[in-house]
Amino acid sequence: MRLYGTLLLGALVALVGVLLGLWWAPFVVGLALGAIVPRARIALPTGAATGLVAWLVPLAVAHERYGVGPTAGSLAAIMGFDHQAAVPVVLTLLVGTLLGLTGAWLASAIRSLTARRGSDSFAPD
């Protein structure tokens with residue numbers, strides 16, 4: 001139960017950070033999740049999901065309020081995708097997902113390296 005509370009709190013912190021203009025907040029939350037959650041197979045998908053949700057909610061709210069379809073279509077045309085508005089939206093969500101994933105991966109990797117190094121005995125015989 002404590003793990004779920006931590007994960008929910010991390011997702012909320014990342015969301016609030018993105019809403020405040022800190023687009024990199026999912027990376028920092030991913031770092032925290034990777035350091036706190038003891039298993040990488042749980043920390044990595046959780047970090048990715050946190051990044052996805054943190055960027056998805058503001059984008060969905062902006063679409064509901066203002067209708068970002070024409071803007072996304074224009075951006076797709078500039079990118080060379082011939083007015084396929086889904087492409088910039090998917091790429092935007094991919095950035096948020098990768099921010100959370102890389103933060104969790106980095107912290108998990110550092111934690112596993114320090115755990116291995118701490119378990120080695122360097123004392124002379």
Side-chain angles (χ1 to χ4, degrees):
M1 191 65 170
R2 185 175 167 189
L3 177 65
Y4 294 127
T6 303
L7 300 178
L8 181 62
L9 180 64
L12 288 175
V13 167
L15 177 62
V16 168
V18 170
L19 289 174
L20 290 175
L22 304 172
W23 60 267
W24 43 267
F27 180 77
V28 176
V29 171
L31 281 172
L33 288 174
I36 293 171
V37 177
R39 298 183 67 161
R41 74 171 64 181
I42 295 172
L44 296 181
T46 303
T50 298
L52 176 66
V53 168
W55 279 44
L56 176 66
V57 170
L59 190 61
V61 169
H63 177 66
E64 188 63 33
R65 280 187 171 175
Y66 309 113
V68 296
T71 305
S74 298
L75 184 58
I78 291 169
M79 294 169 64
F81 290 109
D82 195 33
H83 297 288
Q84 296 175 3
V87 173
V89 172
V90 168
L91 291 176
T92 300
L93 295 177
L94 182 64
V95 168
T97 303
L98 290 176
L99 280 169
L101 177 67
T102 55
W105 171 80
L106 180 62
S108 292
I110 290 172
R111 187 175 31 82
S112 70
L113 285 176
T114 57
R116 286 185 193 160
R117 183 151 296 187
S119 66
D120 292 341
S121 175
F122 294 111
D125 290 327

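Residues: numbered from 1 along the sequence shown.
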TODO: Search all heavy atoms of Ser112 against all heavy atoms of Ala109 and return the closest pair with its distance.
DONE: OG-O, 2.9 Å
Open item on the list: With clusters defined by side-chain heavy atoms of hydrophobic residues (ILVMFWY) lying less than 4.5 Å apart, directly or transitively, does Leu56 cluster with Val28?
Closed with: yes
Open item on the list: I want to check something: taking the side chain as every heavy atom from C-beta on, are Thr6 and Val37 in contact at a cut-off of under 4.5 Å?
Closed with: no
- [ ] Report the distance from atom CD1 of Ile36 to atom CG of Leu7, rounding to the nearest 0.5 Å.
- [x] 9.5 Å
Task: Transitive ILVMFWY side-chain link Trp24 to Val18, under 4.5 Å - done: yes
Open item on the list: Taking the side chain as everything from C-beta on, heavy atoms only, tell me whether Val89 gets closer than 4.5 Å to His63.
Closed with: no
Open item on the list: I need the Arg39 CZ to Thr46 OG1 distance, nearest 0.5 Å.
Closed with: 12.0 Å
Open item on the list: Please give me the minimum heavy-atom distance between Ala72 and Pro88, naming the atom from each residue.
Closed with: O-CG, 3.3 Å
Task: CG on Leu3 to CD1 on Ile42, rounded to 0.5 Å - done: 6.0 Å
TODO: Grab the two heavy atoms, one from Gly10 and one from Val29, that are nearest each other, plus how far apart they are.
DONE: O-CG1, 3.2 Å
TODO: Could you tell me whether the side chain of Phe27 reaches within less than 4.5 Å of the side chain of Leu106, counting heavy atoms only?
DONE: yes
Task: Test item: Arg111 side-chain N/O and Ala40 main-chain N/O as donor-acceptor pair under 3.5 Å - done: no
Open item on the list: I need the minimum non-hydrogen distance between Gly69 and Ala85, along with the two atoms involved.
Closed with: O-CB, 4.0 Å
Open item on the list: Please determine whether residues Trp23 and Leu15 belong to a single hydrophobic cluster, defined as Ile, Leu, Val, Met, Phe, Trp and Tyr linked transitively by side-chain heavy-atom distances below 4.5 Å.
Closed with: no
Open item on the list: Any non-hydrogen side-chain atom of Leu8 less than 4.5 Å from a side-chain atom of Tyr4?
Closed with: no
Open item on the list: Taking the side chain as everything from C-beta on, heavy atoms only, tell me whether Leu101 gets closer than 4.5 Å to Leu98.
Closed with: yes
Open item on the list: For residues Leu31 and Trp105: do they belong to one hydrophobic cluster (side chain heavy atoms under 4.5 Å, members Ile, Leu, Val, Met, Phe, Trp, Tyr)?
Closed with: yes
Task: Side chains of Glu64 and Val61 in contact at under 4.5 Å (non-hydrogen atoms) - done: no
Open item on the list: I need the minimum non-hydrogen distance between Pro26 and Ala54, along with the two atoms involved.
Closed with: CG-CB, 3.9 Å
- [ ] Verify the cluster assignment for Leu93 and Leu99: are they in a single hydrophobic cluster under the rule of side-chain heavy atoms below 4.5 Å apart?
- [x] yes
- [ ] Determine the minimum heavy-atom distance between Ala35 and Ala107, stating which atoms define it.
- [x] N-CB, 3.5 Å
